[in-house]
Amino acid sequence: MKAYLTRRYKFSASHRLHSSHFGEAENREIYGKCNNPHGHGHNYRVEVTVSGQPDPETGMICNLADLDDFVERRIMPRFAFSNLNELEAFRNIVPTTENLSRELFHLFAEEFRRASVEKIRIEETMMNSFEYAGGRELNPEH
Amino acid sequence: MVYLTRKAEFSASHFYHNPKLSPEENQRIFGKCNNPNGHGHNYTLEVTVAGEVDERSGFVMDLKQLKDIMHREVIDAFDHRHLNKEIPEFRDEIPTTENLAIAIWQRLEPNLNGARLYRVRVYETDDLFVDVYGEK
């Protein structure tokens, strides 16, 4: 039976929401507090969901140690304690958590080879979260 | 369509070991989880059923009935047990969270009195959970 495994990670980073498509006043109006030129930070919680048939030999979709190792080597050095606006990925894109979930999805999908990546879900704060499944709909009727 | 989810908890021990592999391979693949004396978790089970709301009762399914079925089929069997040694499904299968979720689906699905099982979610820890939807 196909199974979906979700692992949660966390990192802290800062960002400022400001779009070159709008003027100063418009940016302030649209992004409010998040437009503060000095930036602000969050403790992001990231959920990665991978899917597949459990391997008959190991009972696993993929070894969690491999997933943890990938996150430790490829994700954390880029994002933990970073200013998201400084990253290449956000040079021309506003580092909203919508765009952060898309960026993380593509990094996992392109670089993590041990399992199929289904979805990224990010909690920016306890009060909001964002999900991206590579453009697919969430929760298909199974 | 309305989705109803009921939670339950159980505590159990397990270890990961494949007798077809060498001790070194087992250690390499399963790491700490290969300790033959086992280790334990407080598992949280979330069972979601899907259905239309019954006009007379206002229910998708009687929650009390769902709770009783979850306890009879899963919690009473798994709680305070050693999964490898005491649960028939894990005599030959490794009790990973993936296989645990599949075993729970197979125990519940035929026993829901007509309600449609939508999802089984098993949390091994707050930071790790597995979902199954009964897909082949």
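The sequence lines fix the lettering, A, B, ..., with proteins before strands; numbering per chain opens at 1.
- Smallest separation of non-hydrogen atoms from B:Thr96 and A:Met60: CG2-CG, 3.9 Å.
- Interface remark: B:Glu124 contributes no atoms to any contact with chain A (heavy atom separation under 4.5 Å).
- Cluster membership check: B:Tyr118 does not share its hydrophobic cluster with B:Trp105, using side-chain heavy-atom separations under 4.5 Å among Ile, Leu, Val, Met, Phe, Trp and Tyr.
- Linking ILVMFWY side-chain heavy atoms closer than 4.5 Å, directly or via other members, places A:Leu107 and A:Tyr9 in a single hydrophobic cluster.
- Of the inter-residue distances, the one linking A:Thr58 atom OG1 with B:Phe30 atom CZ reads 5.5 Å to the nearest 0.5 angstrom.
- Heavy atoms from other residues, nucleotides or ligands lying under 6.0 Å from CZ of A:Arg136 number more than 12.
- To the nearest 0.5 Å, the span separating NZ on A:Lys2 from CD1 on B:Ile102 amounts to 12.0 Å.
- Taking every heavy atom of both residues into account, A:Glu57 and B:Ile94 meet most closely at O-CD1, 3.3 Å.
- One finds the OG1 atom of A:Thr6 at 8.5 Å from the CG atom of B:Leu128 (value rounded to the nearest 0.5 Å).
- Ion pair B:Asp127/A:Arg45 flagged as a salt bridge, since at least one NZ, NE, NH1 or NH2 atom sits closer than 4.0 Å to an Asp/Glu carboxylate oxygen.
- The distance between the ring centers of B:Phe129 and A:Tyr4 does not fall below 6.0 angstrom.
- Heavy atoms of other residues, nucleotides or ligands lying less than 6.0 angstrom from CD of B:Gln65 number more than 12.
- Of the possible polar contacts, none joining the B:Glu98 side chain to the A:Ala3 backbone as a donor-acceptor pair under 3.5 Å is found.
- The part of B:Asp126 that comes within reach of chain A is its backbone (N, CA, C, O), which places non-hydrogen atoms under 4.5 angstrom from that chain.
- Taken together through direct or relayed side-chain contacts under 4.5 Å among Ile, Leu, Val, Met, Phe, Trp and Tyr, B:Leu100 and B:Ile69 form part of one hydrophobic cluster.
- Heavy-atom neighbours of A:Asn128 CG from other residues, nucleotides or ligands within 6.0 Å: above the threshold of 12.
- Heavy atoms closer than 4.5 Å to chain A are found in the backbone of B:Lys136, but not in its side chain.
- The two residues A:Gly59 and B:Asn99 come nearest to each other via the heavy atoms CA-ND2, 3.4 Å.
- Residues A:Phe105 and A:Leu84 share a single hydrophobic cluster, defined by chaining ILVMFWY side chains whose heavy atoms lie under 4.5 Å apart.
- The cluster map of Ile, Leu, Val, Met, Phe, Trp and Tyr, joined by side-chain heavy atoms under 4.5 Å apart, puts B:Leu112 and B:Phe59 in different clusters.
- Taking CD of B:Glu135 as the reference point, atom OG of A:Ser51 lies at 8.0 Å (rounded to 0.5 Å).
- Atom CD of A:Glu29 sits in a sparse spot, with 12 or fewer heavy atoms from other residues, nucleotides or ligands closer than 6.0 Å.
- For the options B:Val120, B:Ile29, B:Asn26, heavy-atom pairs under 4.5 Å to chain A are most numerous at B:Ile29.
- For B:Gly134 against A:Met1, the heavy-atom pair with the smallest separation is CA-SD, 3.6 Å.
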